Amino acid sequence: AMVHADDGDFKTAYSYFIESLDSYASQNDPRGAQALKYIIFCKIMLGHPEEIDGVLGGKLAANYSLGDEVTAMKAVGEAYIKKSLQ
């Protein structure tokens, strides 16, 4: 998934990160929080930051608390929507 993101193919990367989150969530693996962070990143890079709250409110994301990294990515999405760095 990271290779696709590095190549700018965020749609494919998003798909792989969703699969990773699904797998991690089914195993209660804490690495799911990292996959969630990258899912949010992909939403931002695809120009769909308004969908971040939907992702965070989803069944898979519910298994992970909003840690600092996920909260930071959410803030980046909100800044993108507002077109403001404040």
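Treat the numbers as computed from the prediction; the structure is a model and nothing was measured.
Surrounding CD of Glu50 are more than 12 heavy atoms belonging to other residues, nucleotides or ligands, all under 6.0 Å away.
Rounding to the nearest 0.5 Å places CD1 of Ile40 at 11.0 Å from CD of Glu69. For the atom pair NZ (Lys43) and NE2 (His48), the distance works out to 6.5 Å, reported to the nearest 0.5 Å. Distance check: Tyr24 OH to Arg31 CZ gives 4.0 Å after rounding to the nearest 0.5 Å. Between Lys37 atom NZ and Met73 atom CE the span is 7.5 Å, to the nearest 0.5 Å. In this structure, CD1 in Ile44 is found 12.5 Å from CD1 in Ile39, a value given to the nearest 0.5 Å.
Taking the six-membered ring for Trp and the full ring otherwise, the centers of Tyr38 and Tyr14 sit at least 6.0 Å from each other.
In plain terms, the two heavy atoms of Ile18 and Leu60 that are nearest each other are O-CD1, 4.4 Å. Nearest heavy-atom pair, Gly77 versus Pro49, reported as atom, atom and distance to 0.1 Å: O-CB, 3.6 Å. Of all heavy-atom pairs between Val55 and Ala61, the closest is O-CB, 3.3 Å. Closest heavy-atom contact between Ile52 and Lys74: CG2-CG, 4.2 Å.
Not a single donor-acceptor pair under 3.5 Å links the side chain of Ser23 to the backbone N or O of Glu19. Under the 3.5 Å distance criterion, the side-chain polar atoms of Asp29 are left unmatched by any main-chain donor or acceptor of Gly32.
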Report task. Could you walk me through whether Leu56 and Leu36 pass side chain to side chain contact (heavy atoms under 4.5 Å, CB included), step by step? Result -> CA-CA 8 Å; Leu56 293 175; Leu36 183 58; 3.9 Å; yes
Requested in this report: Let me see the working for Glu51 and Asp53 under side chain to side chain contact (heavy atoms under 4.5 Å, CB included), right down to the final yes or no.
Outcome: CA-CA 6 Å; Glu51 297 175 6; Asp53 286 334; over 6 Å; no
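Under the 4.5 Å side-chain heavy-atom criterion for ILVMFWY residues, a single connected hydrophobic cluster contains both Leu46 and Phe41.
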